[in-house]
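Per chain, numbering begins at 1; letters A, B, ... match sequence-line order.
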2 protein chains.
Amino acid sequence: MILKSQVEWALHCCAILAGLPEGRYLSTKALAELHGLPKEYLSKALQSLSQASLVETTLGPSGGYRLAKTPSDINFLEIVEAVEGKARSFTCTNIRANNPCRPQGYCDSKPCAVARIMWEADEAWRDTLRRVRLSDLVGTLSEEVPADIWRSTFEWVLKRAG
Amino acid sequence: MILKSQVEWALHCCAILAGLPEGRYLSTKALAELHGLPKEYLSKALQSLSQASLVETTLGPSGGYRLAKTPSDINFLEIVEAVEGKARSFTCTNIRANNPCRPQGYCDSKPCAVARIMWEADEAWRDTLRRVRLSDLVGTLSEEVPADIWRSTFEWVLKRAG
DNA sequence: CGGTTTTCGGATATGATATGTCCTTAATTC
DNA sequence: GAATTAAGGACATATCATATCCGAAAACCG
Ligand code: FES
Ligand code: FES
């Protein structure tokens with residue numbers, strides 16, 4: 001069970017977009033260059049964010065992406081699910097139904113106990129992500145990233161934001 | 001991010017083995033037949049359980065698997081990690097290091113903020129699984145599975161247990 | 001002892017999914 | 001009209017999950 005690397009990409013990109021001034025857009029090209037990622041493929045991740053209505057886009061030169069909501073209104077789960085999908089990590093294939101001791105045509109009333117436990121764990125994972133806002137990440141980053149790097153990155157981005 | 005189906009298989013098999021009388025073994029063949037699974041491939045999952053010291057084996061006719069510990073001493077996380085591995089679901093590929101604004105040779109002191117949050121969620125998932133014991137599952141099953149099916153399954157297993 | 005049954009591990013094949021590239025279309029800016 | 005951009009489809013490649021097969025070693029049974 002491994003998350004795709006697009007999840008990391010999306011989170012980093014959202015963190016950058018969160019620092020963008022009101023009304024400005026940042027292109028895929030800039031985001032790819034900033035993170036050292038293949039532009040074409042990163043584009044797929046950004047499209048996922050767009051389809052999830054987490055970011056807005058505009059075309060043409062000076063086009064690109066910006067957040068569709070305030071950073072404090074976006075949580076980690078939204079971003080993760082946008083690229084990873086909302087499907088649960090555990091799927092019950094109902095192998096209990098293959099038990100040869102079962103009467104013909106017997107039908108289970110509840111989802112099985114095994115799946116319920118695995119889904120509970122899945123929900124705990126999602127709950128944790130749901131509780132962390134994008135603004136929390138930006139806050140942590142602004143404390144931890146050395147001030148000069150933080151500032152020069154911001155300038156680098158502004159220079160390319162349309 | 002999707003768990004392999006072997007996880008489900010291992011959990012179901014452990015639940016069955018938990019009902020086995022002291023000192024008896026159940027073969028892969030019986031477990032595969034009971035759950036309608038490919039014997040050869042299920043064998044791989046059981047080998048994983050064996051390598052994790054969750055089950056003990058013996059060879060020859062009347063050989064097979066039995067639990068290595070009491071059901072109340074085995075938790076879900078042990079079983080899941082045995083077949084799924086202990087690696088975290090999120091891997092930080094350190095793309096922050098590609099930031100062109102960084103000074104040459106700059107080295108990060110901490111794991112990055114993004115990864116820490118994702119790992120926290122991963123830990124919440126593991127914590128939930130760690131808290132559920134195999135004996136809890138057996139207890140739930142014995143309440144929910146209709147008594148006649150429960151009993152006949154038990155007899156079916158005993159007839160094949162060496 | 002010899003034949004059977006079992007686990008174990010390696011080798012191999014197949015299918016699905018993640019990753020990555022390329023190209024076309026439509027919208028926007030200048 | 002030319003340049004730039006997101007969107008999305010087609011395609012190629014790599015990795016991993018799934019599945020099967022085989023040989024070796026151990027245990028049981030006659
Ligand atoms: S029958 Fe296996 S998890 Fe539901
Ligand atoms: S640098 Fe991306 S998660 Fe650590």
Side-chain angles (χ1 to χ4, degrees), chain A residues 1-10 13 17 23-33 35-66 68 80 82-85 87 89-91 93 95 160-162, chain B residues 1-10 13 17 23-33 35-66 68 80 82-85 87 89-91 93 95 160-162:
Chain A
M1 181 191 61
I2 189 76
L3 293 169
K4 16 186 160 182
S5 50
Q6 293 213 358
V7 170
E8 181 186 359
W9 303 358
C13 287
L17 293 181
R24 312 279 294 275
Y25 293 87
L26 193 61
S27 71
T28 307
K29 178 155 171 266
L31 285 168
E33 203 176 327
H35 296 112
L37 300 174
K39 180 169 86 73
E40 316 285 346
Y41 193 33
L42 173 62
S43 165
K44 306 292 183 183
L46 297 172
Q47 283 174 39
S48 299
L49 293 178
S50 174
Q51 285 171 348
S53 301
L54 294 178
V55 299
E56 293 170 347
T57 70
T58 190
L59 295 179
S62 82
Y65 295 89
R66 72 177 175 201
V80 172
V83 315
E84 189 67 32
S89 60
F90 180 88
T91 54
T93 61
I95 61 176
R160 285 156 181 87
Chain B
M1 182 191 59
I2 188 77
L3 292 169
K4 18 186 155 180
S5 50
Q6 292 213 359
V7 170
E8 181 186 0
W9 304 358
C13 287
L17 293 181
R24 312 279 295 274
Y25 292 88
L26 193 61
S27 71
T28 307
K29 179 157 171 262
L31 285 167
E33 204 176 326
H35 295 112
L37 301 173
K39 181 169 85 74
E40 317 285 347
Y41 193 33
L42 172 62
S43 165
K44 304 294 183 184
L46 297 173
Q47 283 175 39
S48 298
L49 293 178
S50 174
Q51 285 170 349
S53 301
L54 294 178
V55 299
E56 293 171 346
T57 71
T58 189
L59 296 180
S62 83
Y65 294 87
R66 72 178 175 200
V80 171
V83 315
E84 189 67 33
S89 60
F90 179 88
T91 54
T93 60
I95 60 176
R160 285 157 182 85

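Which of C:dG20, C:dC23, D:dT5 sits closest to the side chain of A:Tyr41 comes down to C:dG20. Distance from the side chain of B:Lys4 is smallest to D:dA17 among C:dT19, C:dC23, D:dA17. Checked against D:dA6, C:dT19, D:dC28, the side chain of A:Thr57 finds its nearest nucleotide in D:dA6. Considering only the side chain of B:Ser5, D:dT18 comes nearest among D:dA7, D:dT18, C:dT7. Considering only side-chain atoms of B:Lys44, the nucleotide from C:dT7, D:dT20, D:dG9 that sits closest is D:dT20. Comparing atom distances between the B:Leu59 side chain and each of C:dT19, D:dA7, D:dA27 picks out D:dA27 as nearest.
Across all strands shown, A:Tyr25 has no heavy atoms under 4.0 Å from either base or sugar-phosphate atoms. Nucleic acid contact class of B:Gly162 (heavy atoms, under 4.0 Å, all strands): none.
Between B:Leu17 and B:Tyr65, the closest heavy-atom pair is CD2-O, 3.5 Å. Annotation for B:Ala82 and B:Leu49: closest pair CB-CD2, 3.9 Å, computed over non-hydrogen atoms.
If you find the closest nucleotide of DNA chain C to B:Thr28 and to A:Trp9, the one lying nearer the 5' end belongs to B:Thr28.
Judged by distance alone, with hydrogens and angles left aside, A:Lys39 brings no side-chain donor or acceptor close enough to the base of C:dG20 to form a pair under 3.5 Å.
The nearest whole Å value for the distance from the CD atom in A:Gln47 to the P atom in C:dT19 is 16 Å.
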